[in-house]
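Please read the structure below before turning to the comments.
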Amino acid sequence: MSTLFLTACSDWQSALHAHGDNARKIFDLIWTFGAVAATTWLLTVLVLAMALFRSRPPEARSPLQIDPDQERRLNCAVGSATALTVVVLIALTTGSFFAGKSIASMSGSETVTVRVTGHQWWWEIRYPKIGSLQAIVTANELHVPVGESVKVKLDSLDVIHSFWVPSLAGKRDLIPGRPSELTLIADKPGVYRGQCAEFCGYQHAHMAITVVAESREAFDAWRSRQDANAVTPSGDEERRGQAAFLGTGCALCHAIRGTPASGTVGPDLTHVAGRRSLAADALAMTPGALAAWVADPQSVKPGAKMPRIALSADDLNAVITYLGSLE
Ligand code: CUA
């Protein structure tokens with residue numbers, strides 16, 4: 001766990017810190033384009049400076065009087081520079097094309113498939129039924145096995161979002177009604193952060209996703225834990241919290257597997273306390289933050305679909321205790 005945490009502190013959200021094949025190809029492109037563009041800029045500025053500062057003898061002859069030698073030299077210089085520009089453009093376009101082709105060729109070797117749906121402003125994540133494990137729904141936290149190709153199927157239910165976990169893969173837009181997909185590989189265990197990369201409304205900046213890359217064993221163990229229904233409340237406080245949750249409207253939007261709550265408007269909360277963050281990474285998963293979020297969601301994410309539910313202080317505490325037990 002501490003290794004995961006340390007990784008999370010350093011290079012967890014940067015296209016310049018690539019931790020997977022897909023991201024590395026893009027990283028190589030970034031440097032190639034950057035180096036070529038910087039060199040071109042330097043050469044251009046150098047030539048411009050030479051032209052500006054070159055000492056010239058006072059012009060004696062008429063501007064209409066052309067020096068054929070000088071004309072030839074100028075034509076030659078401009079022609080060579082144009083040819084070089086075309087060569088550089090063709091080389092960069094070819095490099096970009098082959099990088100894209102090589103990323104596309106990663107498709108087909110996936111061992112895990114997951115469906116990610118964009119909502120204003122959170123990520124719904126669905127793992128399909130596999131073997132004896134049922135299909136599950138979670139939110140804002142994607143778990144993947146290290147070193148394996150993961151197919152991420154993308155779609156949106158409202159506006160255009162963009163899935164971008166820069167350390168692991170390039171961007172891909174989520175366009176309503178036009179499903180797309182990308183292949184993602186993490187070659188090092190760790191926690192990576194992604195961010196919606198297409199302006200999608202008021203809380204676009206609070207639409208982050210966490211990717212947890214872990215060993216195959218840890219991933220399988222996580223997947224099995226997610227397969228279980230929510231724990232049954234074990235004490236009076238938790239029972240009171242569950243009753244308040246089911247009786248006050250929370251259940252209209254949220255599902256908790258194993259209870260009558262089956263709403264699909266908001267995130268599935270069956271294992272909510274097992275996640276690292278709340279409200280698409282707007283808050284850390286702590287009892288205090290959870291209480292603040294439930295007590296007044298609009299003060300944390302103005303415009304979010306979650307309304308303020310009128311709960312007495314005791315009911316609020318009980319709901320937080322109950323939600324905190326759902327690991
Ligand atoms: Cu979703 Cu920006």
Side-chain angles (χ1 to χ4, degrees), residues 8 11-20 22-23 26-27 30 103 113-127 136-144 150-184 186 191-213 253-255 263-269 272 275-285 289-290 292-294 296-308:
D11 48 6
W12 72 332
Q13 185 185 345
S14 168
L16 301 180
H17 290 106
H19 292 298
N22 186 328
I26 291 165
F27 173 78
I30 292 173
I103 288 171
T113 297
V114 57
R115 186 177 291 278
V116 173
T117 307
H119 295 261
Q120 281 174 315
W121 292 276
W122 59 284
W123 307 89
E124 179 184 287
I125 301 171
R126 290 176 177 271
Y127 287 80
I136 54 154
V137 192
T138 177
N140 305 322
E141 189 172 299
L142 183 62
H143 283 247
V144 300
V150 177
K151 177 178 284 197
V152 186
K153 296 184 156 193
L154 301 162
D155 204 351
S156 166
L157 280 186
D158 38 44
V159 299
I160 300 178
H161 303 274
S162 184
F163 179 89
W164 190 33
V165 186
S167 292
L168 300 181
K171 281 179 204 166
R172 185 58 57 95
D173 279 2
L174 287 74
I175 301 170
R178 295 198 58 177
S180 57
E181 57 185 51
L182 64 75
T183 304
L184 180 149
V191 179
Y192 303 96
R193 189 173 187 276
Q195 173 69 45
C196 179
E198 176 76 36
F199 182 72
C200 55
Y202 209 18
Q203 292 297 331
H204 156 73
H206 283 146
M207 187 169 168
I209 189 166
T210 307
V211 180
V212 180
C253 292
H254 295 282
T264 54
V265 177
D268 184 300
L269 302 179
V272 63
R275 303 205 273 263
R276 285 168 167 72
S277 66
L278 263 177
D281 207 27
L283 296 170
M285 181 63 75
L290 192 52
W293 173 241
V294 175
D296 189 5
Q298 295 300 317
S299 72
V300 179
K301 280 176 89 164
K305 294 215 170 67
M306 177 148 155
R308 183 177 186 164

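Hydrogens, waters and symmetry mates are skipped; everything else that's a heavy atom, side chains included, is used. Atoms within a ligand are numbered from 1 in the order they appear, just like the ligands themselves.
Panel note: side chain His254, backbone Thr264; no donor-acceptor pair is recorded below 3.5 Å.
When all heavy atoms are compared, the tightest approach of His119 to Met207 is O-CE, 3.4 Å. Looking at every heavy atom in both residues, Ala18 comes nearest to Phe27 through CB-CB, 4.2 Å.
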Verdict with reasoning, Ser162 to Asp173, per side chain to side chain donor-acceptor pair (under 3.5 Å): CA-CA 4 Å; Ser162 184; Asp173 279 2; 2.9 Å; yes
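Note on Glu198: its N/O/S atom closest to atom 2 (Cu) of ligand 1 is O. The N, O or S atom of His161 lying closest to atom 1 (Cu) of ligand 1 is ND1.
Residue His204: no N/O/S atom is found under 2.8 Å from atom 1 (Cu) of ligand 1. At a cut-off of 2.8 Å, Cys200 is counted among the residues with an N, O or S atom near atom 2 (Cu) of ligand 1. Atom 1 (Cu) of ligand 1 has an N, O or S atom of Met207 inside 2.8 Å of it.
Counted by atom type alone, Arg275 and Thr138 present one or more donor-acceptor pairs between their side chains at under 3.5 Å.
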